[in-house]
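All remarks here apply to the structure that follows.
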Amino acid sequence: MVFAGLDFTAHAGRMLVLRGPNGAGKTSLLRLIAGLADPAGGTLAVEEPSLPADALLGEHVHFIAHQDAIKLHLSVAENLNFWSSFFGGGDVTGAMTAMNLAALAEFQAQRLSAGQKRRLGLARLALVEKPVWLLDEPTVGLDTASQALLADMMTRHLDGGGIIIASTHIDLPVKSSDVLDFATLGERAG
Amino acid sequence: MSSIERFANPTRFMRLQTTVQPWVWIITLALFGVGLFLGLTRAPADYQQGETVRIMYVHVPAAWSALMVYTVMAVASIIGIVFRHPLADIAAKAAAPIGAAFCFLALATGSLWGKPMWGTWWVWDARLTSMFVLLLLYLGYMAIWQAIDDPRRASRIAAIVAIVGFINVPIVKFSVDWWYSLHQPASVFRTDGPTIHPSILTPLLIMGLAYSFLFLALHLIAIRSEIGTRRIRQTELARTGALQ
Amino acid sequence: MYWILPRLANGPVEMMPAFKSVVARDFTLAIRQGGSIGTAIGFFLTVIVLLPLGLGPDQQLLQRIAPGALWIALLLSVLLSADRLYQTDHDDGSLEIMALSSTPLEVVVLAKASVHWLTSGLPLAIAAPVFGFLLNLDTALIVPLGIAMVTGSVALSLLASLGAAITVGLRQGGLLVSLLVLPLYVPVMIFGVLASSGAQSGIDNSATALIILVAIVLAALVVTPFASAAALRSYMR
């Protein structure tokens, strides 16, 4: 059991920021919400009239993990094309523009720098529309310019009524965010 | 489900096991006593094979039990995978080494029997070959438990292995029978056919029952020790967690 | 319960685009990375070379064991070539992203196994009878051996991919995969050899054996995607 006594709500159009030291369980919580892990106890409810309350978010979720889920032997465009056709259609050019990858389109992913790879991983967010974004340390390896691009993308998503739950150490210039601090949580759980 | 509820069932099992265990041992020993006495002294020797035919009373029930234990393991795995019952996972894991031992016993006694019967220690007879594959399935199942550290993950993967293996067993049996009928050597041991004299059948069945109870006795102990091991690990985890 | 069953979407799901996209991607990767089929054929030849070295160069003996020996070499090569089938997708997080879609993981598994068959199983199954001349294979057996191997290799690829899925998160793959999968190969090999040996052992059972081999392939086609997907899901949580 990583954490107990957790109680929070993520609202449409708002970002929930997870804060806490390493090993506090931020990643575990995100995986749990995505449906990639089973809770040992507790419930996760979706308040969306079109979905049953116990629906698994799964396919309605964009999950940005530590790995970028890119194939090194495919070009930037091919990587995005694959995910686009896998999800049944997406905006590849839009995604490349959003993360400023257009100039790199024909480069093989193995020739990208760590930050560029991260951008390619994040471009998936703009590729296919999904209401819930779960971002695990999305800014790792990003320079200030790319962080701004990410923040723009996140703001657009929130303005469209989306939900973002993100664990991050950096204050992204995204308005309307709530904070869930794991550091104060331990005391409550104990 | 809270972790306390998770262990409620194993706790009930522990209580039951303590009460039942001595009786299971008594029945096991009694059955072995009667079965071995009848098989080794009262049953007739074979007119061709002489006294060596008595290996059968150890060999055949061991082979039966090896198959039975694999079935138990597969059923426990299905229950574990579908209903997430922790005791079922533990029961499947605990059954494997016992089944493997029965399987090995069947192979070893088959080999011992082969020496006087066929003149060599090992013959690729259809039954021995199927048993051999069964032993490999047991070993693979146990290797998976060894290889995966996280017990929850291990139980799921091992259950998949057990179920796929269970589907495989009859297919292997069928293929090996087919294979053997085509490669059968000229002089071969013929089974006595469907009619076995009661003086042979009775001790054989008693021995089969004795093996079943032996399995039950060993299985109960193995489950108990597995539950104990997990509780120790749980306590240790809780302690290291508190240190953070 | 959820993790063992494929995710049931709210309506009928178009699975073909996802299937096709995985096939196309893996095919491109296999061609671009190259080498893997070359390595597999090299391994196949190594096993074949070891046989006469171990058994002696007796032409009659080699001819007699040729179909079985070729089958053993084939199943070992197919098995080991699938060893890392899910590894990169697991390590780089692609599998998780694929699991977070309306496409059941079973479809992904089937797509990846298909590509493995196309890029490893099938080429090996075609090459194996041709290399039969190294073992003095009866030329009349080349065609039946080829038919049986192409058929049987489907099951070999599927079962090998199951082994790869079961061991995807583990450090030591190879030996464990062999221990787990080779017992599952027993029926494929028995009927494969029977289907390819023609009238060698008296009566000609090869037609019946081929039909049974097809049945085994179909059974593998039904069981392995579910088992593999369940295994992959277990490694994700």
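Atom-to-atom distance recorded for A/His60:NE2 and C/Ser102:OG is 8.5 Å, nearest 0.5 angstrom. For the atom pair CG of C/Asp91 and CD of A/Gln67, the computed distance is 8.0 Å after rounding to the nearest 0.5 Å. In this structure, the separation between CG on C/Asp92 and CG on A/Asp68 is 9.0 Å, given to the nearest 0.5 Å. Atom CG of residue C/Asp26 and atom CZ of residue A/Phe82 lie 7.5 Å apart, to the nearest 0.5 angstrom.
Contact of the A/Lys71 side chain with the C/Asp89 side chain is registered, since non-hydrogen atoms from C-beta on lie closer than 4.5 Å. Contact check for C/Arg32 versus A/Glu78: side-chain heavy atoms found under the 4.5 Å cut-off.
Scanning residues 88-102 of chain A against chain C with a 4.5 Å non-hydrogen threshold yields no residues.
Contacts between A/Ile70 and chain C at a heavy-atom distance below 4.5 Å involve the backbone alone (N, CA, C, O). Heavy-atom distances place both the backbone and the side chain of C/Thr88 under 4.5 Å from chain A.
Put simply, of A/Ser84, A/Ser85, A/Gly121, A/Ala65, the one with the most heavy-atom pairs under 4.5 Å next to chain C is A/Ser85.
Results of the side chain to side chain contact (heavy atoms under 4.5 Å, CB included) test with A/Phe86 over C/Pro17, C/Ser21, C/Ser94 single out C/Ser21 as the only residue that passes.
A/Arg31 has a carboxylate O that lies under 4.0 Å from a charged side-chain N of C/Glu96, or vice versa, which qualifies the two as a salt bridge.
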